[in-house]
Amino acid sequence: MRGYQHGIHGKSRDMCPFTHPTTRQAWINGWREGRGDNWDGLTGTAGIHRLNELHAVG
């Protein structure tokens, strides 16, 4: 979830605070989803709906 939030706001994946490989990979996967949604224009209200969907699943 936090990786996604960084990605949707256009922040760098270098900001990942985790070093444990599994946790880091989960954060990066979320970041990639967020960046993709950012590039697709899912910001503002659309981005909030997407966050709610991801939160319900995760």
Side-chain angles (χ1 to χ4, degrees):
M1 181 59 87
R2 285 194 271 161
Y4 180 86
Q5 291 172 343
H6 275 75
I8 196 75
H9 293 293
K11 295 181 181 177
S12 171
R13 72 177 179 181
D14 293 336
M15 295 180 72
C16 178
F18 301 106
T19 56
H20 186 274
T22 304
T23 308
R24 182 173 178 80
Q25 189 60 50
W27 192 96
I28 299 252
N29 289 344
W31 178 86
R32 284 187 183 125
E33 286 236 12
R35 287 300 286 161
D37 287 352
N38 177 284
W39 292 328
D40 290 341
L42 294 178
T43 56
T45 305
I48 291 169
H49 289 296
R50 179 79 168 123
L51 268 176
N52 289 334
E53 289 174 8
L54 289 173
H55 185 51
V57 172

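Just so you know, residue 1 is the first one in the sequence shown, and it goes up from there.
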Considering all heavy atoms, the nearest [X]-[Y] contact:
{"X": "Met15", "Y": "Lys11", "answer": "SD-CB, 3.8 Å"}
{"X": "Ile8", "Y": "Asp37", "answer": "CD1-CB, 3.5 Å"}
{"X": "Gln25", "Y": "Arg32", "answer": "NE2-NH1, 3.6 Å"}
{"X": "Trp31", "Y": "Ser12", "answer": "NE1-C, 3.7 Å"}

Look up atom CG in Asp14 and atom CD1 in Ile28, then write down how far apart they are to the nearest 0.5 Å.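 Between atom CG of Asp14 and atom CD1 of Ile28 there are 8.0 Å.
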Side chains of Tyr4 and Asn29: donor-acceptor distance under 3.5 Å anywhere?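 The criterion, which ignores hydrogens and geometry beyond distance, is not satisfied for Asn29 and Tyr4.
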Would a 4.5 Å heavy-atom cut-off, applied to side chains only, mark Arg2 and Phe18 as touching? yes
